[in-house]
Amino acid sequence: MPELPEVETVRRGLAEVLGGDAVIARMELRRRDLRAAIPRTLPARLAGQRVLAVRRRAKYLIIDTPGVSLLSHLGMTGTWRVAPIGDERDHDHCYLHLADGRRLAFRDPRRFGLLDLIEPGGDARHPRLRGLGPEPLDARAFSADYLAALCAGRKVAIKPLIMDQRVVVGVGNIYAAEALFRAGIRPTKPARRVRREALGALVESIRSVLDAAIAAGGSTISDYRQAGGEGGWFQHDFQVYDRAGLACRRCAAPLVGKVLGGRSTVWCRACQR
DNA sequence: CCTAAGTCCTGAGTGC
DNA sequence: TGCACTCAGGACTTAG
């Protein structure tokens, strides 16, 4: 669910909650079988650890402590929230009890999410982080040159290509569709057929749509919430996502939709070539 | 019955 | 034929 803007918004919320030397007194596991099993050793490793930082890499959240880092992925329906005692819900899989009495809950109905540990300084060796592409907001690493090199000779459609986390991280089904609309590129176009200038526009569009969505606190469809429980607002700015059959906001032609790479995809035949 | 913000795996196909 | 890589499709799960 959450793509980069939603994960970044959650990161900022968690950083605020955990700032000022928060200490994790105890991790309480209620259910271990998420996408992968939560390691049995994780609660013991986290107990008594002081939070040093809350980071994001791709769609992963990383809470650093001196002894171990906690890695989480929200999958499609994952949320972190401040959960006062008494606020227990179905699908709360894990509670982090802080030393000051507050409590964080990880809730994920579909269980496509993930909790794991990273050894200190071990990001590059972690199997889920190894092999990830560059951060899209890093203009130096994610450039038109870089994307053009990865598109060369590729028959795959441009939309699934930019959703491939080995190519660039953080772009999912919503923001891929929105960035392609902004860049005027048809999502089904084979990557090798997209012109160099259009790839430059796409790189800029990915950055601009992600920046705008972060500024809006992400997009709330059903489950996504910020750490404080608020929804995001960017869903009101969608130009194409979930708008198949409706009028293009730019030219009023009906938007078309089809399944591409297993994901629903919407675009404007007139505005996107 | 259908759909859904994401990976992850398998198997078929391609090119050297 | 073998190997490496690419690409499409399905699986996982719960809720609305």
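- Along DNA chain B, the nucleotide nearest A:K155 and the nucleotide nearest A:N173 are compared for position; the residue whose nucleotide lies closer to the 5' end is A:N173.
- Between the CG atom of A:D242 and the P atom of B:dA4 there is a distance of 8 Å, rounded to whole Å.
- The CZ-P distance, from A:R111 to C:dA11, rounds to 17 Å in whole Å.
- Ion pairing between a basic and an acidic side chain is recognised when a charged N comes within 4.0 Å of a carboxylate O; A:D116 and A:R128 show no such pairing.
- Sorted by residue number, the members of residues 253-265 of chain A with any non-hydrogen atom under 4.0 Å from DNA chain B read A:R263, A:S264.
- Residue A:R154 has no polar side-chain atom (N or O) positioned under 4.0 Å from OP1 or OP2 of C:dC5.
- Both geometric conditions, a ring-centre gap below 5.5 Å and a plane tilt below 30°, are fulfilled for A:F112 over the base of C:dC12.
- Residues from residues 30-42 of chain A that place a heavy atom under 4.0 Å from any atom of DNA chain C: there are none.
- To the nearest angstrom, P of B:dT7 lies 6 Å from OH of A:Y60.
- Summarising the geometry, the separation between CG on A:D108 and P on B:dG6 is reported as 13 Å, rounded to the nearest angstrom.
- In this structure, A:L74 places its CG atom 16 Å from C1' of C:dT14, rounding to the nearest Å.
- Among the candidates A:V194, A:V156, A:I158, the single residue satisfying the side-chain contact (heavy atoms from CB on, under 4.5 Å) test with A:C151 is A:I158.
- Across the protein-nucleic acid pair, A:D90 atom CG and C:dT14 atom C1' stand 11 Å apart, rounded to whole Å.
- Ion pair A:K59/A:E6 not flagged as a salt bridge, since none of the NZ, NE, NH1 or NH2 atoms sits closer than 4.0 Å to an Asp/Glu carboxylate oxygen.
- A:Y241 and A:S264 form no side-chain donor-acceptor contact under 3.5 Å, judged by distance and modelled atom types alone.
- No N or O donor and acceptor, one from the side chain of A:R110 and one from the base of C:dA15, sit under 3.5 Å apart.
- Using a cutoff of 4.0 Å between basic side-chain nitrogens and carboxylate oxygens, A:R103 and A:D87 are not scored as salt-bridged.
- Using atom C1' as the reference point in both B:dA5 and C:dC7, the two lie 23 Å apart (nearest Å).
- Backbone-only contact: A:Y241 has heavy atoms under 4.0 Å from sugar-phosphate atoms and none from a base.
- When rounded to the nearest whole Å, the span between NZ of A:K159 and C1' of C:dA8 equals 14 Å.
- Between the OH atom of A:Y175 and the C1' atom of B:dA5 there is a distance of 8 Å, given to the nearest Å.
- Across A:D123, A:V7, A:L132, a single residue satisfies side-chain contact (heavy atoms from CB on, under 4.5 Å) together with A:R57, and that is A:L132.
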Note, DNA chain B 5' to 3' with Watson-Crick or G-U pairs under 3.5 Å encoded as ( ), [ ], | and . gives .|||.|||||||||||
